[in-house]
Amino acid sequence: MTAFRDEVRAWLEEHLSGGFAHARGLGGPGREHEGHEVRLAWERLLGAAGWTCLGWPKEYGGRDASLADQVVFHEEYARAAAPARVGHIGEGLIGPTILEFGTEEQKRRFLPPIQRGEELWCQGYSEPEAGSDLAGVQTRARLEDGEWVITGQKVWTSLAHVADWCFVLARTEPGSQRHRGLSYLLVPMDRPGVEVRPIVQLTGTSEFNEVFFDGARTAAANILGAPGEGWRVAMATLGYERGASTLGQQIGFQREFEQVVAVAKRTGAAEDPIIRDRLVRSWLELRIMRLNALRTMTSLSAGEPGPEVSIAKLYWSEWHRRLGELAQAVQGRAGLVADGPPYDLNDLQRLYLFSRADTIYAGSSEIQRNIIAERTLGLPRG
Ligand SMILES: Cc1cc2nc3c(=O)[nH]c(=O)nc-3n(C[C@H](O)[C@H](O)[C@H](O)COP(=O)(O)OP(=O)(O)OC[C@H]3O[C@@H](n4cnc5c(N)ncnc54)[C@H](O)[C@@H]3O)c2cc1C
């Protein structure tokens with residue numbers, strides 16, 4: 001594993017120079033607007049060198065890498081402050097779902113362009129009336145002349161404004177209720193009948209969107225699983241949402257934590273006993289998170305995922321939100337003022353504002369607690 005770590009580190013060091021030197025640190029939550037073009041070029045360089053989709057089978061462009069090696073890659077990636085990936089929804093969500101449910105033809109059509117960074121994806125699940133309660137999906141689709149015709153509205157669709165494709169959960173059996181009658185469709189974004197409207201978020205930037213489908217079309221073959229089986233496929237995708245990249249994210253958290261400590265020293269906040277207590281607590285919790293990540297990795301490698309995935313999501317998102325609050329506290333009153341109008345935020349202000357979203361996306365904290373309550377503690381359904 002050390003040799004692999006050395007190889008990743010050396011490659012990143014060599015290539016994050018020259019034209020890509022200024023790409024370090026670009027992008028990520030609350031900063032997805034930064035340097036899209038250079039990050040896309042970087043994604044393609046990574047793909048060409050075989051550093052995307054490491055866990056995928058070799059025949060679809062991957063390396064068949066072990067989970068441990070994937071975590072090492074993500075750790076080194078974060079350590080090098082390499083630019084936030086523009087292809088992470090393709091690699092982390094739809095790719096593994098296609099591997100699990102796709103036909104051979106679908107695998108050959110869709111996986112290589114994701115691996116090469118040529119096609120970007122977005123996730124079309126949430127709707128105005130279907131968030132935590134996803135079974136309330138109302139977007140509908142019907143087959144007409146060999147194509148699915150889709151009508152409805154999605155919301156909070158991250159990166160839809162740069163995506164080439166969207167995986168859409170839609171109701172394909174008229175009159176069906178809840179989990180039944182849904183299908184999982186793969187829909188091109190550059191067609192008539194698809195409209196993307198950015199949503200301005202707390203950070204002043206727009207990385208998610210409303211997506212309107214008004215008679216948008218996709219080929220009849222662009223469905224994962226059978227018609228009506230969409231719920232099962234959609235749940236499998238959610239299971240991938242907290243995969244290897246999440247396990248490696250503590251390195252990025254560590255860097256943010258160090259930044260908070262540095263500011264606390266500079267402003268004198270570090271002398272306040274309450275702030276000191278909160279900083280030490282935060283550091284301890286970061287250690288615990290790392291140990292938990294190792295434990296999760298062991299159970300995932302053994303193919304025995306238990307409640308760890310929900311525990312991990314709950315733990316890191318709540319921790320990160322508290323770090324955001326601490327980031328504001330160490331700045332004192334200066335933290336309350338933007339550097340420039342209207343929304344020129346510093347890193348810690350952005351951390352504070354964006355981390356409010358961490359406990360909502362990928363299953364809110366309340367939903368994670370419900371899952372643990374019902375599946376692990378055997379409590380009655382709420
Ligand atoms: C930054 C960000 C990016 C996102 N990206 C995407 C994306 O790319 N694609 C996509 O499809 N969606 C995306 N989402 C949407 C996200 O999945 C939903 O916001 C989330 O599922 C919650 O749904 P909701 O917003 O409708 O809130 P609601 O479901 O209406 O929940 C409101 C509140 O009620 C609580 N609540 C709901 N049900 C229960 C219950 N049964 N028990 C206890 N409490 C409950 C929730 O925890 C929450 O606090 C994104 C969200 C964010 C914040």
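- Distance alone, capped at 3.5 Å, places no donor-acceptor pair between the Glu119 side chain and the Asp164 backbone.
- Panel note: side chain Thr237, backbone Val233; a donor-acceptor pair is recorded below 3.5 Å.
- Using cut-offs of 30° and 60° for the angle between ring planes, the Trp121 and Trp165 rings count as parallel.
- In this structure, Arg24 places its CZ atom where more than 12 heavy-atom neighbours from other residues, nucleotides or ligands lie under 6.0 Å away.
- Residues Leu120 and Leu159 are not in side-chain contact: their nearest non-hydrogen atoms beyond the backbone lie 4.5 Å or more apart.
- Taking each heavy atom of Gly95 and Trp56 in turn, the nearest pair found is CA-CZ2, 3.5 Å.
- Ring geometry for His15 against Trp11 counts as parallel: the plane angle stays under 30°, on a 0 to 90° scale with 60° as the upper cut.
- Partners of Asp277 according to the salt bridge (charged side-chain N to carboxylate O under 4.0 Å, His left out) rule, which considers only residues two or more places apart in sequence or in another chain, are Arg281.
- Within the 4.5 Å cutoff, the side chain of Val38 has no heavy atoms near those of the Pro83 side chain.
- In this structure, Arg79 and Arg5 have side chains that are in contact, with non-hydrogen atoms separated by less than 4.5 Å.
- Leu294 has its side chain out of reach of Val71: every pair of non-hydrogen atoms, C-beta onward, lies at least 4.5 Å apart.
- When the shell of 6.0 Å around CD of Glu144 is examined, it contains more than 12 heavy atoms from other residues, nucleotides or ligands.
- Residue pairs meeting the salt bridge (charged side-chain N to carboxylate O under 4.0 Å, His left out) criterion with at least one partner in residues 197-211, sequence neighbours excluded, are Glu195-Arg197.
- Residue-environment remark: CD1 (Ile274) stays at or below the threshold of 12 foreign heavy atoms within 6.0 Å.
- Remark: Asp64 CG is packed, more than 12 non-hydrogen atoms of other residues, nucleotides or ligands lying under 6.0 Å away.
- Both Leu224 and Phe167 are part of a single hydrophobic cluster, where members link through side-chain heavy atoms under 4.5 Å apart.
- Between Ala327 and Val260 the shortest heavy-atom distance is CB-CG2, 4.0 Å.
- The closest donor-acceptor contact from the side chain of Gln138 to the backbone of Gly152 lies at 3.5 Å or more, if one exists at all.
- One finds the CG atom of Asp6 at 12.5 Å from the CD atom of Glu13 (value rounded to the nearest 0.5 Å).
- Centroid-to-centroid, the aromatic rings of His320 and Phe253 come within less than 6.0 Å.
- In terms of the side-chain hydrogen bond (donor to acceptor under 3.5 Å, both in side chains) criterion, residue partners of Arg171 (sequence neighbours excluded) are, by chain and number, Ser176.
- The two atoms that bring Ser126 and Leu134 nearest to each other are N-CD1, 4.4 Å, heavy atoms only.
- Ring geometry, Phe73 versus Trp51: the interplanar angle falls under 30°, so the pair is classed parallel (tilted spans 30 to 60°).
- Crowding of Arg350 atom CZ: a count of heavy atoms from other residues, nucleotides or ligands under 6.0 Å exceeding 12.
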Exercise. Yes or no on side chain to side chain contact (heavy atoms under 4.5 Å, CB included) for His74 and Gln249, after CA distance, side-chain angles and deciding distance?
Worked result: CA-CA 7 Å; His74 289 294; Gln249 75 186 356; over 6 Å; no
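- Judged by the 6.0 Å distance and 45° axis criteria, Lys313 is positioned over the aromatic ring of Trp316.
- In this structure, the separation between CG on Leu286 and CH2 on Trp319 is 4.5 Å, given to the nearest 0.5 Å.
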Problem set entry | From CA spacing to verdict: salt bridge (charged side-chain N to carboxylate O under 4.0 Å, His left out), Arg108, Glu104 | CA-CA 6 Å; Arg108 299 211 174 275; Glu104 192 50 39; 3.0 Å; yes
